[in-house]
Amino acid sequence: MKTLLLKSEPSVYSFDDLRRDGRTVWDGVANAQALIVLASAKVGDEVLFYHSNDGKCIVGTAKVAKRAYPDPKLDNPKRLVIDIRAGKPLTRPVTLAEIKAVPGLADLALVRQSRLSCMVVSEGHRELLRGLGVK
DNA sequence: GCCAACGTTGGC
DNA sequence: GCCAACGTTGGC
């Protein structure tokens, strides 16, 4: 099982929205690199839910509920989506500033490639995040 | 196939 | 609101 980190602007779709919905289709990914990440997602993989712009913090967890499939709303087989279901909110959000303060997390894609919306979190990075309170 | 121009994302 | 970092587009 691996861990993904998905970014969302809370004003568009927040973690609270996900908890309200229980489950949602994760769509809108067009970037080639991010699509490769989506394609690698397996049911049961852990998802870290990050609020970009307004928040800049990891706010909760989720799980991959359905592996990648073409967006039914689009006529483009390359535009993949996955389904995720809500997990638990963190007791305290873990901010980007806190993450940047950990030397071992400097090469996390979230830090290095701010525009990437969807990334795989390595085992080692996952452990460091756990140390910051991402349970 | 190169590259300039333009658009977008997201941190600050 | 600004701008850096990228990705994409289109003319050549």
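Here the structure is a predicted model, which is why all the values come from computation and not from measurement. Every chain is numbered from 1, with letters handed out A, B, ... down the list of sequences.
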Rounding to a whole Å, what distance do you find between I36(A):CD1 and dG7(C):P?
-> 11 Å
Look at the aromatic rings of F49(A) and Y13(A) and report parallel, tilted or perpendicular, splitting at 30° and 60°.
-> tilted
Length of the line joining N31(A):CG and dT8(B):C1', which is rounded to integer Å = 11 Å
Measure the distance from CG on L116(A) to C1' on dA4(C) and round it to the nearest whole Å.
-> 16 Å
Phosphate-side-chain proximity, K100(A) and dC12(B), N/O vs OP1/OP2 below 4.0 Å | yes
In whole angstrom, what separates N53(A)'s CG from dT8(B)'s P?
-> 15 Å
What is the distance from atom CD of E9(A) to atom OG of S52(A), rounded to the nearest 0.5 Å?
-> 4.5 Å
To the nearest angstrom, the CD1-C1' distance between I99(A) and dG10(B) comes to 14 Å
Output yes when a side-chain donor or acceptor of R79(A) lies under 3.5 Å from a complementary backbone atom of V29(A), and no otherwise.
-> yes
Here the distance between atom C1' of dG11(B) and atom CD of E98(A), to the nearest Å, is 16 Å
Rounded interatomic separation in angstrom, taking CG from L96(A) and P from dT9(B) = 18 Å
Separation of dA5(C) P from R112(A) CZ (nearest whole Å) | 14 Å
With the 4.5 Å side-chain cut-off for hydrophobic clustering, are M119(A) and V59(A) part of the same group?
-> no
Under-4.0 Å side-chain N/O to phosphate OP1/OP2 contact, Y50(A) with dT9(B) = no
